[in-house]
Novice: 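One structure follows; several queries about it will come next.
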Amino acid sequence: MSKYNFIVIDDSALDCFIAEKMIVHTGLCETVRCFTQASDALEYIQASSLEAATLPTVVILDVLMPMMSGFAFVEAFEDLPEDVKERYTIVALTSSMNKTDMEKIVSYQVVKKLLDKPITSETIITLLER
Amino acid sequence: MPEKIKILYVDDEQNNLIGFKASFRIDYAIFIANNTTEAKKILEQHPDIRIIFCDQRMPDKTGVEFFEEIRLDHPHPIRILLTGYTDIESVIDAINRGNIYRYVKKPWGNEDIRAAIEESNKFYLANSMLAIKNTELQKAYTELDKFAYSVSHDIRGPLSGILGAIRVVKHLDTIEDMKEMLFLMENSVKKLDTFILSVHDYYNIQRGDLKISEIDLNTIAADLGDMYSMYTNAKNVSFSATVNQNEGFRSDEISVKLVLNNLLSNAFKYQRKDSPNKSVSLEMEVDKGIATFYVKDNGIGIDDKYRSEIFNLFFRATSQEAGSGFGLYNVKDALLKLNGNIEVNSVVGEGTIFKVTIPSK
């Protein structure tokens, strides 16, 4: 199987750490970067859009975060150029059981899937197979 | 002694007005008007009038017409019609349409009026109590909604973090990684604990009664100094407390402490990590029956755009440190109960000053 780059965005350092370990454990990961602030991740994506990335990147995105939430991140991401957007796949991740939030985040076209916390290696592998 | 019940009497006959006022002015606050225009003016000036007596037969309009007119703008006062038997048809009609509460037959005796006032007052109190309870219920209901919403995120969040960590441990190879994981798990547990403690505070402020006692600010300063010595030692934040109290200060000690605790723990928590001289100060003074508290820090500051939201339930302006979004909401709620006030002054990257004033009871 081919490898992927990963970006993890979660305000909880623990959840970032878990996602990172689980991602590395899949053996399908080339690089993984963690951000506890969504705005930093967005800046990173904007900056790296200049150089052509070789591998497709999976973005694991927490939904409820202070300051820039997952919703705000997705909205800002949607405004990026098409050739940048197509290199990323966004997967939302939340512990929220609120229906409105869950429906809202999957309603964005760029969000491919919504996963329940905590994330496991198995769910990441299943995700990548599709 | 409770304030006298306010009563308005409208009648075109001056003698009746004078007689009414003479009979009841000792026990009630009586307002009189000899026409409906004057009566409306009095109602505008005294919205807390509880009972209106009105004569049915007046030259400009009937009592029933008058009540029907004022009902929309002044729905709360209890409306009582004074009338003779000949008008009974219109009285029945008015009662059925809900425009009047009851009627008193003319010529009235003092006992009839007194009985009518007492009954009306009971009805008025029951009604206004119902309205107050209704508002409280609505508020509680809205907050319950917010609670249910936050439970999934604020309780399940840390728990799912710990669960995920337990699973990850199986894949860890080095002791260093495990130690880091344990440290992060500990933070997650603390976060959950903070949330539960804040819920407890929240409940206490909402339902608890105030226990007013004499408060010695020097004792409070010493207590707080002990409490935060952990921060001053371990995290290298200097703390100073000054007290200037030359007169008594009476308030609810638990609420006052809750306010100061929340402000101070924020001041300690939201420091700039790379700052060489982190400091927090608390200034307290009592002057002319008002206690003023300043909580100052030279931490990260609060962005202008979040200023109006920081007191909202579950609002968080930063992801730095574990916070529940409860603290400042509880502070504001406690101050509301103490008739106090809070102001905030902050510059991003320089620090924050909270000024709290609480009147002595």
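Lettering follows sequence order; numbering is per chain, from 1.
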Novice: Non-hydrogen atoms of chain A under 4.5 Å away: do they reach the side chain of Tyr306(B), the backbone, both or neither?
Specialist: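 Interface part for Tyr306(B): side chain.
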
Novice: Using every non-hydrogen atom in the two residues, find where Ser160(B) and Ser95(A) come nearest and quote the distance to one decimal.
Specialist: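 Of all heavy-atom pairs spanning Ser160(B) and Ser95(A), the closest is OG-CB, 4.0 Å.
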
Novice: Non-hydrogen atoms of chain B under 4.5 Å away: do they reach the side chain of Thr100(A), the backbone, both or neither?
Specialist: neither

Novice: Using non-hydrogen atoms and a 4.5 Å limit, figure out which bit of Asp177(B) sits close to chain A: side chain, backbone, both or neither.
Specialist: both

Novice: Taking all heavy atoms of Ser188(B) and all of Leu14(A), pick out the closest pair and write down the distance.
Specialist: OG-CD2, 3.4 Å

Novice: Give, as side chain, backbone, both or neither, the part of Leu172(B) having an atom under 4.5 angstrom from any heavy atom of chain A.
Specialist: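 The side chain, not the backbone.
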
Novice: Determine the minimum heavy-atom distance between Ile18(A) and Gly164(B), stating which atoms define it.
Specialist: CD1-C, 3.7 Å

Novice: Is it the case that over 12 heavy atoms from other parts of the model lie below 6.0 angstrom from the OH atom of Tyr108(A)?
Specialist: yes

Novice: From Ser12(A) OG over to Leu184(B) CG, what is the distance, rounded to the nearest 0.5 angstrom?
Specialist: 7.5 Å

Novice: Return the option, out of Arg167(B), Lys305(B), Arg156(B), Glu180(B), with the maximum number of heavy-atom pairs under 4.5 Å with chain A.
Specialist: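 Looking at each option in turn, the highest pair count goes to Arg156(B).
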
Novice: How long is the gap from NZ on Lys21(A) to CG on Asp173(B), to the nearest 0.5 Å?
Specialist: 8.5 Å

Novice: Shorter than 4.5 Å, heavy atoms on both sides: which option in Asp116(A), Thr94(A), Asp10(A) has the most such pairs with chain B?
Specialist: Asp116(A)

